[in-house]
Visitor: 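What follows is a single structure, and I will ask about it in a moment.
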Number of protein chains: 2
Amino acid sequence: MVEQFLREQKQLVEAQLPRYIARLNAPGTLKQAMLYSLEAGGKRIRPLLLLATLHAFHKEIEIGLPVACAIEMIHTYSLIHDDLPSMDNDDLRRGKPTNHKVFGEAMAILAGDGLLTYAFQVIAEMPDAQVAPETKLALIAELAKAAGPEGMVAGQVADMEGEGQRLLLEELEYIHRHKTGKMLQYSVLAGALLAGADEAQRAYLDAFASHLGLAFQIRDDILDIEGSEEKIGKKVGSDIENEKVTYPLLLTMEGAKEKLNFHIAEAKRYLQAADVQDDALRYICDLVATRDH
Amino acid sequence: MVEQFLREQKQLVEAQLPRYIARLNAPGTLKQAMLYSLEAGGKRIRPLLLLATLHAFHKEIEIGLPVACAIEMIHTYSLIHDDLPSMDNDDLRRGKPTNHKVFGEAMAILAGDGLLTYAFQVIAEMPDAQVAPETKLALIAELAKAAGPEGMVAGQVADMEGEGQRLLLEELEYIHRHKTGKMLQYSVLAGALLAGADEAQRAYLDAFASHLGLAFQIRDDILDIEGSEEKIGKKVGSDIENEKVTYPLLLTMEGAKEKLNFHIAEAKRYLQAADVQDDALRYICDLVATRDH
(Lines give C-alpha, C1' and ligand atoms only; values in the text may rest on other atoms or scores of the structure.)
Protein backbone atom coordinates (compact mmCIF):
# COMPACT_ATOMS: atom_id res chain seq x y z
CA MET A 1 0.00 0.00 0.00
CA VAL A 2 2.70 2.50 1.04
CA GLU A 3 4.99 0.85 -1.44
CA GLN A 4 2.49 1.43 -4.21
CA PHE A 5 1.94 5.02 -3.11
CA LEU A 6 5.67 5.70 -3.34
CA ARG A 7 5.94 3.91 -6.68
CA GLU A 8 3.18 6.11 -8.05
CA GLN A 9 4.83 9.27 -6.70
CA LYS A 10 8.12 8.26 -8.29
CA GLN A 11 6.35 7.80 -11.62
CA LEU A 12 4.70 11.20 -11.22
CA VAL A 13 8.07 12.89 -10.73
CA GLU A 14 9.66 10.95 -13.58
CA ALA A 15 6.83 11.91 -15.91
CA GLN A 16 7.05 15.57 -14.92
CA LEU A 17 10.82 16.08 -15.26
CA PRO A 18 10.93 15.73 -19.08
CA ARG A 19 7.99 18.14 -19.35
CA TYR A 20 9.99 20.83 -17.58
CA ILE A 21 12.84 20.33 -20.06
CA ALA A 22 10.54 20.14 -23.09
CA ARG A 23 9.04 23.55 -22.40
CA LEU A 24 12.46 25.25 -22.44
CA ASN A 25 13.23 27.51 -25.37
CA ALA A 26 16.90 26.50 -25.50
CA PRO A 27 19.47 24.85 -27.81
CA GLY A 28 18.55 21.23 -28.53
CA THR A 29 21.86 19.73 -27.41
CA LEU A 30 21.66 21.54 -24.09
CA LYS A 31 18.16 20.19 -23.49
CA GLN A 32 19.33 16.69 -24.44
CA ALA A 33 22.26 16.89 -22.04
CA MET A 34 20.05 18.13 -19.21
CA LEU A 35 17.44 15.46 -19.89
CA TYR A 36 19.97 12.64 -20.29
CA SER A 37 21.08 12.86 -16.68
CA LEU A 38 17.62 13.65 -15.30
CA GLU A 39 16.41 10.43 -16.92
CA ALA A 40 19.37 8.33 -15.81
CA GLY A 41 17.19 6.84 -13.12
CA GLY A 42 18.05 6.54 -9.50
CA LYS A 43 15.97 6.08 -6.40
CA ARG A 44 14.48 9.62 -6.47
CA ILE A 45 14.74 9.50 -2.71
CA ARG A 46 14.78 13.31 -2.32
CA PRO A 47 11.55 13.98 -4.23
CA LEU A 48 9.95 11.02 -2.46
CA LEU A 49 10.93 12.41 0.93
CA LEU A 50 9.24 15.68 0.04
CA LEU A 51 6.08 14.04 -1.25
CA ALA A 52 5.95 11.60 1.67
CA THR A 53 6.18 14.58 4.03
CA LEU A 54 3.19 16.19 2.34
CA HIS A 55 1.37 12.87 2.69
CA ALA A 56 2.28 12.89 6.40
CA PHE A 57 0.24 16.09 6.74
CA HIS A 58 -2.63 14.80 4.54
CA LYS A 59 -1.84 17.46 1.95
CA GLU A 60 -2.37 17.23 -1.77
CA ILE A 61 0.74 15.72 -3.30
CA GLU A 62 0.44 17.78 -6.50
CA ILE A 63 1.38 21.07 -4.85
CA GLY A 64 4.80 19.60 -4.07
CA LEU A 65 5.59 18.37 -7.56
CA PRO A 66 7.45 21.49 -8.81
CA VAL A 67 9.70 21.58 -5.74
CA ALA A 68 10.23 17.81 -5.98
CA CYS A 69 11.40 18.28 -9.57
CA ALA A 70 13.56 21.27 -8.62
CA ILE A 71 15.26 19.16 -5.95
CA GLU A 72 15.93 16.39 -8.45
CA MET A 73 17.38 18.97 -10.90
CA ILE A 74 19.79 20.20 -8.23
CA HIS A 75 20.73 16.65 -7.25
CA THR A 76 21.31 15.81 -10.93
CA TYR A 77 23.45 18.90 -11.54
CA SER A 78 25.61 17.92 -8.56
CA LEU A 79 26.14 14.42 -9.98
CA ILE A 80 27.07 15.80 -13.41
CA HIS A 81 29.65 18.19 -11.95
CA ASP A 82 30.97 15.59 -9.45
CA ASP A 83 31.62 13.12 -12.25
CA LEU A 84 33.74 15.58 -14.28
CA PRO A 85 37.37 14.64 -15.03
CA SER A 86 38.69 17.37 -12.73
CA MET A 87 36.44 16.15 -9.91
CA ASP A 88 35.81 12.40 -9.41
CA ASN A 89 36.52 11.54 -13.05
CA ASP A 90 33.83 8.88 -13.31
CA ASP A 91 32.95 7.28 -16.64
CA LEU A 92 29.88 5.47 -15.40
CA ARG A 93 26.94 6.50 -13.25
CA ARG A 94 24.19 4.01 -12.50
CA GLY A 95 25.67 1.78 -15.19
CA LYS A 96 25.37 4.44 -17.91
CA PRO A 97 28.11 6.66 -19.38
CA THR A 98 28.38 9.91 -17.40
CA ASN A 99 27.19 13.17 -18.94
CA HIS A 100 30.60 14.42 -20.07
CA LYS A 101 31.35 11.03 -21.65
CA VAL A 102 28.33 11.49 -23.90
CA PHE A 103 28.17 15.26 -24.44
CA GLY A 104 31.72 16.40 -23.71
CA GLU A 105 33.06 18.24 -20.73
CA ALA A 106 32.02 21.77 -21.68
CA MET A 107 28.41 20.76 -22.35
CA ALA A 108 28.30 18.76 -19.11
CA ILE A 109 29.37 21.82 -17.13
CA LEU A 110 26.72 23.90 -18.88
CA ALA A 111 24.00 21.27 -18.47
CA GLY A 112 24.77 21.29 -14.75
CA ASP A 113 24.70 25.09 -14.61
CA GLY A 114 21.43 25.05 -16.51
CA LEU A 115 19.75 22.55 -14.19
CA LEU A 116 20.90 24.42 -11.09
CA THR A 117 19.57 27.73 -12.38
CA TYR A 118 16.33 26.30 -13.74
CA ALA A 119 15.50 24.72 -10.36
CA PHE A 120 15.06 28.17 -8.84
CA GLN A 121 12.87 29.29 -11.72
CA VAL A 122 10.60 26.26 -11.32
CA ILE A 123 9.95 27.13 -7.68
CA ALA A 124 9.60 30.88 -8.26
CA GLU A 125 7.00 30.23 -10.95
CA MET A 126 4.75 27.92 -8.93
CA PRO A 127 1.13 29.09 -9.13
CA ASP A 128 0.36 31.69 -6.44
CA ALA A 129 -3.03 30.10 -5.90
CA GLN A 130 -1.35 26.94 -4.57
CA VAL A 131 1.59 28.36 -2.66
CA ALA A 132 1.85 31.74 -0.92
CA PRO A 133 4.68 34.05 -2.05
CA GLU A 134 6.25 33.97 1.43
CA THR A 135 6.36 30.17 1.33
CA LYS A 136 7.96 30.19 -2.11
CA LEU A 137 10.62 32.60 -0.89
CA ALA A 138 11.36 30.40 2.11
CA LEU A 139 11.59 27.38 -0.22
CA ILE A 140 14.05 29.26 -2.44
CA ALA A 141 16.21 30.64 0.40
CA GLU A 142 16.42 27.25 2.11
CA LEU A 143 17.19 25.49 -1.17
CA ALA A 144 20.06 27.88 -1.86
CA LYS A 145 21.42 27.31 1.65
CA ALA A 146 21.14 23.53 1.34
CA ALA A 147 22.67 23.36 -2.13
CA GLY A 148 25.13 26.26 -2.00
CA PRO A 149 28.40 27.25 -0.33
CA GLU A 150 27.04 26.54 3.16
CA GLY A 151 25.55 23.22 2.12
CA MET A 152 26.20 20.70 -0.61
CA VAL A 153 29.01 22.71 -2.25
CA ALA A 154 30.76 22.99 1.13
CA GLY A 155 30.54 19.21 1.49
CA GLN A 156 31.99 18.66 -1.95
CA VAL A 157 34.91 20.99 -1.15
CA ALA A 158 35.55 19.26 2.18
CA ASP A 159 35.38 15.87 0.46
CA MET A 160 37.92 17.02 -2.12
CA GLU A 161 40.24 18.49 0.47
CA GLY A 162 39.99 15.35 2.59
CA GLU A 163 41.17 13.08 -0.22
CA GLY A 164 44.20 11.03 0.73
CA GLN A 165 43.98 12.37 4.30
CA ARG A 166 43.46 10.38 7.47
CA LEU A 167 40.10 11.89 8.41
CA LEU A 168 38.63 11.83 11.90
CA LEU A 169 35.07 10.63 12.34
CA GLU A 170 33.85 14.21 12.91
CA GLU A 171 35.49 15.35 9.67
CA LEU A 172 33.87 12.48 7.80
CA GLU A 173 30.51 13.47 9.30
CA TYR A 174 31.00 17.13 8.26
CA ILE A 175 31.45 15.97 4.68
CA HIS A 176 28.35 13.78 4.69
CA ARG A 177 26.16 16.19 6.63
CA HIS A 178 26.85 18.71 3.87
CA LYS A 179 27.44 16.74 0.69
CA THR A 180 24.36 14.55 0.92
CA GLY A 181 22.72 15.46 4.23
CA LYS A 182 21.69 19.04 3.55
CA MET A 183 19.68 18.23 0.44
CA LEU A 184 17.99 15.27 2.12
CA GLN A 185 17.09 17.55 5.03
CA TYR A 186 15.87 20.18 2.61
CA SER A 187 13.58 17.66 0.94
CA VAL A 188 11.77 17.05 4.24
CA LEU A 189 11.85 20.73 5.20
CA ALA A 190 10.31 21.71 1.85
CA GLY A 191 7.48 19.28 2.48
CA ALA A 192 6.99 20.71 5.96
CA LEU A 193 6.98 24.29 4.65
CA LEU A 194 4.44 23.44 1.96
CA ALA A 195 2.28 21.59 4.47
CA GLY A 196 2.35 24.46 6.95
CA ALA A 197 3.89 22.35 9.72
CA ASP A 198 4.29 24.12 13.05
CA GLU A 199 7.70 24.94 14.46
CA ALA A 200 7.95 21.91 16.74
CA GLN A 201 6.97 19.54 13.95
CA ARG A 202 9.52 21.13 11.67
CA ALA A 203 12.23 20.68 14.31
CA TYR A 204 11.36 17.01 14.84
CA LEU A 205 11.22 16.35 11.11
CA ASP A 206 14.54 18.11 10.66
CA ALA A 207 16.15 15.86 13.26
CA PHE A 208 14.52 12.87 11.55
CA ALA A 209 16.00 13.90 8.19
CA SER A 210 19.42 14.58 9.69
CA HIS A 211 19.69 11.06 11.11
CA LEU A 212 18.24 9.60 7.93
CA GLY A 213 20.92 11.42 5.90
CA LEU A 214 23.76 9.94 7.94
CA ALA A 215 22.19 6.50 7.79
CA PHE A 216 21.94 6.88 4.02
CA GLN A 217 25.65 7.59 3.75
CA ILE A 218 26.71 4.80 6.10
CA ARG A 219 24.64 2.34 4.06
CA ASP A 220 26.41 3.68 0.95
CA ASP A 221 29.80 2.93 2.47
CA ILE A 222 28.69 -0.55 3.49
CA LEU A 223 27.32 -1.27 0.00
CA ASP A 224 30.66 -0.31 -1.53
CA ILE A 225 32.11 -3.32 0.30
CA GLU A 226 29.23 -5.77 0.59
CA GLY A 227 27.04 -4.74 -2.33
CA SER A 228 26.46 -6.34 -5.71
CA GLU A 229 28.12 -4.56 -8.65
CA GLU A 230 25.16 -5.33 -10.81
CA LYS A 231 22.74 -3.68 -8.41
CA ILE A 232 24.70 -0.58 -7.43
CA GLY A 233 25.78 0.02 -11.04
CA LYS A 234 29.44 0.64 -10.23
CA LYS A 235 32.49 -1.28 -9.13
CA VAL A 236 32.44 -2.63 -5.60
CA GLY A 237 35.49 -1.77 -3.53
CA SER A 238 36.10 1.57 -5.26
CA ASP A 239 36.33 3.40 -1.92
CA ILE A 240 39.20 1.18 -0.79
CA GLU A 241 40.86 1.48 -4.18
CA ASN A 242 40.55 5.28 -4.04
CA GLU A 243 41.78 5.29 -0.42
CA LYS A 244 38.57 6.95 0.67
CA VAL A 245 37.87 7.24 4.35
CA THR A 246 34.57 5.48 5.12
CA TYR A 247 32.57 4.43 8.14
CA PRO A 248 33.62 0.77 7.92
CA LEU A 249 37.25 1.90 7.72
CA LEU A 250 36.97 4.09 10.81
CA LEU A 251 34.61 1.91 12.84
CA THR A 252 35.02 -1.62 11.41
CA MET A 253 32.13 -3.13 9.48
CA GLU A 254 30.40 -4.16 12.66
CA GLY A 255 30.76 -0.66 14.12
CA ALA A 256 29.42 0.88 10.91
CA LYS A 257 26.35 -1.36 11.00
CA GLU A 258 25.76 -0.48 14.62
CA LYS A 259 25.97 3.21 13.74
CA LEU A 260 23.58 2.70 10.85
CA ASN A 261 21.07 1.07 13.19
CA PHE A 262 21.53 3.85 15.72
CA HIS A 263 20.74 6.58 13.20
CA ILE A 264 17.75 4.70 11.82
CA ALA A 265 16.39 4.25 15.34
CA GLU A 266 16.96 7.94 16.13
CA ALA A 267 15.31 8.95 12.87
CA LYS A 268 12.23 6.89 13.75
CA ARG A 269 12.17 8.27 17.27
CA TYR A 270 12.05 11.86 15.99
CA LEU A 271 9.53 10.90 13.34
CA GLN A 272 7.23 9.54 16.00
CA ALA A 273 7.66 12.73 18.04
CA ALA A 274 6.51 14.78 15.05
CA ASP A 275 3.15 13.09 15.45
CA VAL A 276 2.18 12.87 11.79
CA GLN A 277 0.80 10.18 9.48
CA ASP A 278 4.23 8.62 9.15
CA ASP A 279 3.77 5.40 7.19
CA ALA A 280 5.45 6.59 4.01
CA LEU A 281 8.35 8.34 5.77
CA ARG A 282 8.86 5.28 7.95
CA TYR A 283 8.92 3.10 4.84
CA ILE A 284 11.61 5.31 3.27
CA CYS A 285 13.56 4.98 6.49
CA ASP A 286 13.52 1.19 6.26
CA LEU A 287 14.40 1.43 2.60
CA VAL A 288 17.50 3.45 3.42
CA ALA A 289 18.54 1.00 6.12
CA THR A 290 18.23 -2.08 3.93
CA ARG A 291 18.67 -0.85 0.37
CA ASP A 292 20.89 -2.91 -1.91
CA HIS A 293 21.61 -0.13 -4.48
CA MET B 1 28.47 64.72 -11.28
CA VAL B 2 26.93 61.62 -12.91
CA GLU B 3 30.44 60.24 -13.19
CA GLN B 4 30.97 60.70 -9.48
CA PHE B 5 27.58 59.15 -8.70
CA LEU B 6 28.49 56.05 -10.68
CA ARG B 7 31.96 55.88 -9.14
CA GLU B 8 30.39 55.94 -5.70
CA GLN B 9 27.87 53.25 -6.63
CA LYS B 10 30.67 51.07 -7.95
CA GLN B 11 32.52 51.46 -4.66
CA LEU B 12 29.36 50.61 -2.77
CA VAL B 13 28.98 47.34 -4.70
CA GLU B 14 32.67 46.52 -4.37
CA ALA B 15 32.54 47.11 -0.62
CA GLN B 16 29.43 44.96 -0.25
CA LEU B 17 30.55 41.89 -2.24
CA PRO B 18 33.26 40.77 0.24
CA ARG B 19 30.78 41.19 3.10
CA TYR B 20 28.45 38.67 1.49
CA ILE B 21 31.31 36.18 1.23
CA ALA B 22 32.61 36.90 4.74
CA ARG B 23 29.30 36.00 6.34
CA LEU B 24 29.27 32.54 4.76
CA ASN B 25 29.80 29.59 7.05
CA ALA B 26 31.82 27.63 4.48
CA PRO B 27 35.28 26.12 3.91
CA GLY B 28 37.98 28.82 3.79
CA THR B 29 39.39 27.85 0.41
CA LEU B 30 35.94 27.94 -1.17
CA LYS B 31 35.35 31.44 0.18
CA GLN B 32 38.78 32.53 -1.05
CA ALA B 33 38.10 31.17 -4.52
CA MET B 34 34.69 32.87 -4.69
CA LEU B 35 36.12 36.15 -3.45
CA TYR B 36 39.17 36.05 -5.71
CA SER B 37 37.09 36.34 -8.85
CA LEU B 38 34.51 38.70 -7.35
CA GLU B 39 37.39 41.05 -6.53
CA ALA B 40 39.13 40.68 -9.86
CA GLY B 41 37.75 44.06 -10.85
CA GLY B 42 35.91 44.84 -14.03
CA LYS B 43 33.57 47.61 -14.99
CA ARG B 44 30.67 46.38 -12.83
CA ILE B 45 28.44 47.53 -15.65
CA ARG B 46 25.55 45.22 -14.66
CA PRO B 47 25.24 46.41 -11.05
CA LEU B 48 25.65 49.99 -12.27
CA LEU B 49 22.85 49.55 -14.78
CA LEU B 50 20.57 48.35 -12.00
CA LEU B 51 21.48 51.16 -9.63
CA ALA B 52 21.28 53.78 -12.40
CA THR B 53 17.78 52.51 -13.20
CA LEU B 54 16.74 53.01 -9.57
CA HIS B 55 18.23 56.49 -9.77
CA ALA B 56 16.17 57.08 -12.91
CA PHE B 57 13.04 56.60 -10.78
CA HIS B 58 14.41 58.67 -7.86
CA LYS B 59 14.45 55.58 -5.67
CA GLU B 60 16.79 54.85 -2.81
CA ILE B 61 19.85 53.12 -4.25
CA GLU B 62 20.36 50.96 -1.15
CA ILE B 63 17.32 48.78 -1.81
CA GLY B 64 18.99 47.60 -5.03
CA LEU B 65 22.33 46.64 -3.50
CA PRO B 66 21.55 42.95 -2.78
CA VAL B 67 20.29 42.37 -6.32
CA ALA B 68 23.24 44.30 -7.75
CA CYS B 69 25.59 41.99 -5.84
CA ALA B 70 23.62 38.90 -6.88
CA ILE B 71 23.96 39.95 -10.52
CA GLU B 72 27.71 40.41 -10.12
CA MET B 73 27.93 36.96 -8.49
CA ILE B 74 26.19 35.38 -11.46
CA HIS B 75 28.34 37.31 -13.93
CA THR B 76 31.47 36.22 -12.03
CA TYR B 77 30.41 32.56 -11.94
CA SER B 78 29.90 32.68 -15.71
CA LEU B 79 33.42 34.06 -16.22
CA ILE B 80 34.96 31.38 -13.96
CA HIS B 81 33.22 28.56 -15.83
CA ASP B 82 33.87 30.14 -19.27
CA ASP B 83 37.60 30.32 -18.55
CA LEU B 84 37.88 26.60 -17.69
CA PRO B 85 40.21 24.41 -19.78
CA SER B 86 37.29 22.53 -21.32
CA MET B 87 35.59 25.81 -22.25
CA ASP B 88 37.66 28.81 -23.44
CA ASN B 89 40.82 27.64 -21.66
CA ASP B 90 41.95 31.12 -20.63
CA ASP B 91 44.90 31.63 -18.30
CA LEU B 92 44.34 35.33 -17.80
CA ARG B 93 41.28 37.45 -17.07
CA ARG B 94 41.64 41.20 -16.67
CA GLY B 95 45.39 40.71 -16.49
CA LYS B 96 45.17 38.30 -13.53
CA PRO B 97 45.46 34.49 -13.51
CA THR B 98 42.04 32.89 -13.97
CA ASN B 99 40.35 31.13 -11.07
CA HIS B 100 41.32 27.60 -12.05
CA LYS B 101 44.94 28.69 -12.54
CA VAL B 102 45.05 29.75 -8.89
CA PHE B 103 42.72 27.29 -7.17
CA GLY B 104 42.64 24.34 -9.56
CA GLU B 105 39.90 23.23 -11.89
CA ALA B 106 37.69 21.40 -9.38
CA MET B 107 37.63 24.31 -6.94
CA ALA B 108 36.93 26.75 -9.80
CA ILE B 109 33.89 24.73 -10.85
CA LEU B 110 32.67 24.65 -7.24
CA ALA B 111 33.35 28.36 -6.69
CA GLY B 112 31.22 29.05 -9.75
CA ASP B 113 28.46 26.72 -8.54
CA GLY B 114 28.60 28.40 -5.14
CA LEU B 115 28.32 31.92 -6.52
CA LEU B 116 25.43 30.96 -8.78
CA THR B 117 23.50 29.35 -5.94
CA TYR B 118 24.29 32.07 -3.40
CA ALA B 119 22.97 34.78 -5.75
CA PHE B 120 19.45 33.39 -5.37
CA GLN B 121 19.79 33.25 -1.61
CA VAL B 122 20.88 36.88 -1.45
CA ILE B 123 17.73 37.99 -3.28
CA ALA B 124 15.38 35.66 -1.41
CA GLU B 125 16.70 36.99 1.91
CA MET B 126 16.26 40.70 1.16
CA PRO B 127 14.38 42.41 4.01
CA ASP B 128 10.63 42.20 3.49
CA ALA B 129 10.26 45.77 4.73
CA GLN B 130 12.15 47.02 1.68
CA VAL B 131 10.92 44.72 -1.06
CA ALA B 132 7.55 42.97 -1.30
CA PRO B 133 7.59 39.15 -1.54
CA GLU B 134 5.94 39.28 -4.97
CA THR B 135 8.70 41.57 -6.24
CA LYS B 136 11.41 39.31 -4.87
CA LEU B 137 9.83 36.32 -6.61
CA ALA B 138 9.71 38.22 -9.91
CA LEU B 139 13.36 39.19 -9.43
CA ILE B 140 14.27 35.53 -8.83
CA ALA B 141 12.23 34.11 -11.71
CA GLU B 142 13.56 36.68 -14.18
CA LEU B 143 17.13 36.17 -12.97
CA ALA B 144 16.87 32.43 -13.51
CA LYS B 145 15.46 33.03 -17.01
CA ALA B 146 18.21 35.50 -17.88
CA ALA B 147 21.04 33.38 -16.50
CA GLY B 148 19.76 29.87 -17.19
CA PRO B 149 19.11 27.53 -20.10
CA GLU B 150 16.91 30.08 -21.90
CA GLY B 151 19.39 32.89 -21.33
CA MET B 152 23.11 33.13 -20.70
CA VAL B 153 23.69 29.35 -20.66
CA ALA B 154 21.91 29.07 -24.04
CA GLY B 155 24.24 31.77 -25.39
CA GLN B 156 27.30 29.95 -24.13
CA VAL B 157 26.14 26.71 -25.75
CA ALA B 158 25.42 28.47 -29.06
CA ASP B 159 28.81 30.17 -28.88
CA MET B 160 30.52 26.83 -28.32
CA GLU B 161 28.60 25.12 -31.10
CA GLY B 162 29.36 28.00 -33.47
CA GLU B 163 33.11 27.66 -33.02
CA GLY B 164 34.93 27.15 -36.27
CA GLN B 165 31.66 27.66 -38.17
CA ARG B 166 30.87 30.35 -40.71
CA LEU B 167 28.09 32.05 -38.73
CA LEU B 168 25.44 34.26 -40.22
CA LEU B 169 24.81 37.67 -38.67
CA GLU B 170 21.57 36.43 -37.10
CA GLU B 171 23.37 33.48 -35.52
CA LEU B 172 26.01 35.82 -34.13
CA GLU B 173 23.25 37.99 -32.71
CA TYR B 174 21.55 35.01 -31.09
CA ILE B 175 24.78 34.26 -29.27
CA HIS B 176 25.26 37.80 -28.04
CA ARG B 177 21.62 38.44 -27.17
CA HIS B 178 21.85 35.44 -24.86
CA LYS B 179 25.45 35.21 -23.70
CA THR B 180 25.81 38.84 -22.63
CA GLY B 181 22.53 40.51 -23.59
CA LYS B 182 20.12 38.71 -21.25
CA MET B 183 21.99 39.59 -18.07
CA LEU B 184 22.41 43.22 -19.16
CA GLN B 185 18.69 43.37 -19.85
CA TYR B 186 17.99 41.74 -16.51
CA SER B 187 20.04 44.39 -14.74
CA VAL B 188 17.79 47.11 -16.08
CA LEU B 189 14.63 45.05 -15.57
CA ALA B 190 15.57 44.38 -11.94
CA GLY B 191 15.92 48.11 -11.37
CA ALA B 192 12.55 48.72 -13.00
CA LEU B 193 10.89 45.99 -10.90
CA LEU B 194 12.36 47.40 -7.69
CA ALA B 195 11.32 50.91 -8.68
CA GLY B 196 7.79 49.86 -9.48
CA ALA B 197 8.00 51.07 -13.10
CA ASP B 198 4.77 50.77 -15.07
CA GLU B 199 4.44 48.33 -17.95
CA ALA B 200 5.16 50.85 -20.70
CA GLN B 201 8.27 52.12 -18.96
CA ARG B 202 9.46 48.57 -18.45
CA ALA B 203 8.98 47.84 -22.14
CA TYR B 204 10.92 50.95 -23.19
CA LEU B 205 13.71 50.24 -20.74
CA ASP B 206 13.88 46.66 -21.94
CA ALA B 207 14.31 47.83 -25.53
CA PHE B 208 16.94 50.30 -24.31
CA ALA B 209 18.85 47.50 -22.58
CA SER B 210 18.54 45.17 -25.54
CA HIS B 211 20.19 47.69 -27.89
CA LEU B 212 22.75 48.58 -25.24
CA GLY B 213 23.67 44.89 -24.93
CA LEU B 214 24.33 44.50 -28.65
CA ALA B 215 26.30 47.76 -28.68
CA PHE B 216 28.36 46.42 -25.78
CA GLN B 217 29.27 43.30 -27.71
CA ILE B 218 30.07 45.10 -30.95
CA ARG B 219 32.38 47.42 -29.02
CA ASP B 220 34.00 44.31 -27.55
CA ASP B 221 34.68 42.91 -31.01
CA ILE B 222 36.10 46.25 -32.15
CA LEU B 223 38.36 46.48 -29.10
CA ASP B 224 39.78 43.05 -29.85
CA ILE B 225 41.18 44.57 -33.05
CA GLU B 226 41.77 48.21 -32.22
CA GLY B 227 42.18 48.11 -28.44
CA SER B 228 45.26 48.40 -26.26
CA GLU B 229 46.42 45.12 -24.69
CA GLU B 230 47.35 46.95 -21.53
CA LYS B 231 43.89 48.39 -21.14
CA ILE B 232 41.75 45.39 -22.04
CA GLY B 233 44.01 43.06 -20.01
CA LYS B 234 44.24 40.37 -22.69
CA LYS B 235 45.87 39.83 -26.05
CA VAL B 236 44.57 41.92 -28.91
CA GLY B 237 43.67 39.93 -32.01
CA SER B 238 42.66 36.83 -30.08
CA ASP B 239 39.33 36.60 -31.93
CA ILE B 240 41.12 36.39 -35.30
CA GLU B 241 43.61 33.90 -33.90
CA ASN B 242 40.76 31.75 -32.53
CA GLU B 243 38.87 32.11 -35.83
CA LYS B 244 35.95 33.65 -33.98
CA VAL B 245 33.19 35.20 -36.03
CA THR B 246 32.83 38.86 -35.03
CA TYR B 247 30.95 41.93 -36.21
CA PRO B 248 34.01 43.46 -37.96
CA LEU B 249 34.57 40.15 -39.75
CA LEU B 250 30.97 39.96 -40.98
CA LEU B 251 30.41 43.68 -41.63
CA THR B 252 33.92 45.16 -42.05
CA MET B 253 35.25 47.48 -39.37
CA GLU B 254 33.34 50.41 -40.84
CA GLY B 255 30.13 48.43 -40.91
CA ALA B 256 30.64 47.30 -37.32
CA LYS B 257 31.12 50.88 -36.18
CA GLU B 258 28.00 51.95 -38.03
CA LYS B 259 26.07 49.18 -36.32
CA LEU B 260 27.47 50.19 -32.95
CA ASN B 261 26.28 53.75 -33.53
CA PHE B 262 22.89 52.51 -34.65
CA HIS B 263 22.33 50.49 -31.49
CA ILE B 264 23.55 53.32 -29.26
CA ALA B 265 21.15 55.72 -31.00
CA GLU B 266 18.28 53.26 -30.67
CA ALA B 267 19.10 52.68 -27.01
CA LYS B 268 18.95 56.41 -26.36
CA ARG B 269 15.72 56.77 -28.31
CA TYR B 270 14.01 54.14 -26.15
CA LEU B 271 15.54 55.60 -23.03
CA GLN B 272 14.01 58.96 -23.87
CA ALA B 273 10.65 57.32 -24.49
CA ALA B 274 10.74 55.83 -21.01
CA ASP B 275 10.53 59.38 -19.71
CA VAL B 276 12.71 58.98 -16.62
CA GLN B 277 15.60 60.88 -15.01
CA ASP B 278 18.03 59.38 -17.51
CA ASP B 279 21.38 61.10 -16.91
CA ALA B 280 23.13 58.08 -15.36
CA LEU B 281 21.75 55.55 -17.85
CA ARG B 282 22.66 57.87 -20.72
CA TYR B 283 26.17 58.18 -19.32
CA ILE B 284 26.53 54.37 -19.20
CA CYS B 285 25.32 54.29 -22.80
CA ASP B 286 28.11 56.65 -23.86
CA LEU B 287 30.57 54.67 -21.79
CA VAL B 288 29.65 51.50 -23.67
CA ALA B 289 29.99 53.23 -27.03
CA THR B 290 33.43 54.66 -26.33
CA ARG B 291 34.97 52.38 -23.71
CA ASP B 292 38.61 51.37 -24.23
CA HIS B 293 38.54 48.27 -21.99
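Just so we're on the same page: letters track the sequence lines, and every chain starts at 1.
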Visitor: May I ask you to decide if A:S86's main-chain N or O and B:E105's side chain share a donor-acceptor pair within less than 3.5 Å?
Guide: no
Visitor: With rounding to the nearest 0.5 angstrom, report the OG1 to CG distance, B:T117 to A:L143.
Guide: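 Separation between the atoms: 8.0 Å.
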Visitor: Report which part of B:L24 has an atom under 4.5 Å of a heavy atom belonging to chain A: side chain, backbone, both, or neither.
Guide: both
Visitor: Name the option with the most non-hydrogen atom pairs under 4.5 Å to chain B; the candidates are A:A33, A:G114, A:A106, A:G151.
Guide: A:A106
Visitor: Quick one: CD on B:E134 to CG on A:D128, what's the gap to the nearest 0.5 Å?
Guide: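 It comes to 7.0 Å.
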Visitor: Look at A:A158, A:A141, A:G104 and state which one has the largest set of heavy-atom pairs under 4.5 Å with chain B.
Guide: A:A141
Visitor: If you count every heavy atom of other residues, nucleotides or ligands that lies below 6.0 Å from A:R166 atom CZ, does the total exceed 12?
Guide: no
Visitor: Measure distances from A:L84 to the heavy atoms of chain B and classify the residue's part below 4.5 Å as side chain, backbone, both or neither.
Guide: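 For A:L84, side-chain heavy atoms alone lie under 4.5 Å from chain B.
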Visitor: Would you please classify the geometry between the A:F120 ring and the B:F120 ring as parallel, tilted or perpendicular, with 30° and 60° separating the classes?
Guide: parallel
Visitor: Tell me which of these, A:P27, A:A26, A:G148, has more heavy-atom pairs under 4.5 Å with chain B than the rest.
Guide: A:P27
Visitor: Considering only heavy atoms from C-beta outward, does the side chain of A:P149 approach that of B:M34 to under 4.5 Å?
Guide: yes
Visitor: Under 4.5 Å heavy-atom distance to chain B, tell me which part of A:M152 shows up: side chain, backbone, both or neither.
Guide: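 It is neither, since no heavy atom gets under 4.5 Å.
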Visitor: Is the closest side-chain heavy-atom distance between B:M87 and A:L110 below 4.5 Å?
Guide: yes
Visitor: Of the listed residues (A:H178, A:E125, A:H100, A:K31), which shares the most heavy-atom pairs with chain B below a 4.5 Å separation?
Guide: A:E125
Visitor: Kindly indicate whether the side chain of B:D113, heavy atoms from C-beta on, has any atom under 4.5 Å from the side chain of A:Y77.
Guide: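 Of all side-chain heavy-atom pairs linking A:Y77 with B:D113, at least one is under 4.5 Å.
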Visitor: For B:N25 and A:E150, work out which heavy atoms get closest and say how close.
Guide: N-OE2, 2.6 Å
Visitor: How long is the span from the CG atom in B:L137 to the NZ atom in A:K136, to the nearest 0.5 Å?
Guide: 5.5 Å
Visitor: Please classify the contact between A:E142 and chain B as side chain, backbone, both or neither, with a heavy-atom cut-off of under 4.5 Å.
Guide: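 No part of A:E142 comes within 4.5 Å of chain B.
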Visitor: Can you tell me if CG on B:D198 sees more than 12 non-hydrogen neighbours from other groups inside 6.0 Å?
Guide: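 Correct, the count exceeds 12.
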Visitor: I need the A:M160 CE to B:M107 CE distance, nearest 0.5 Å.
Guide: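 Those atoms lie 4.0 Å apart.
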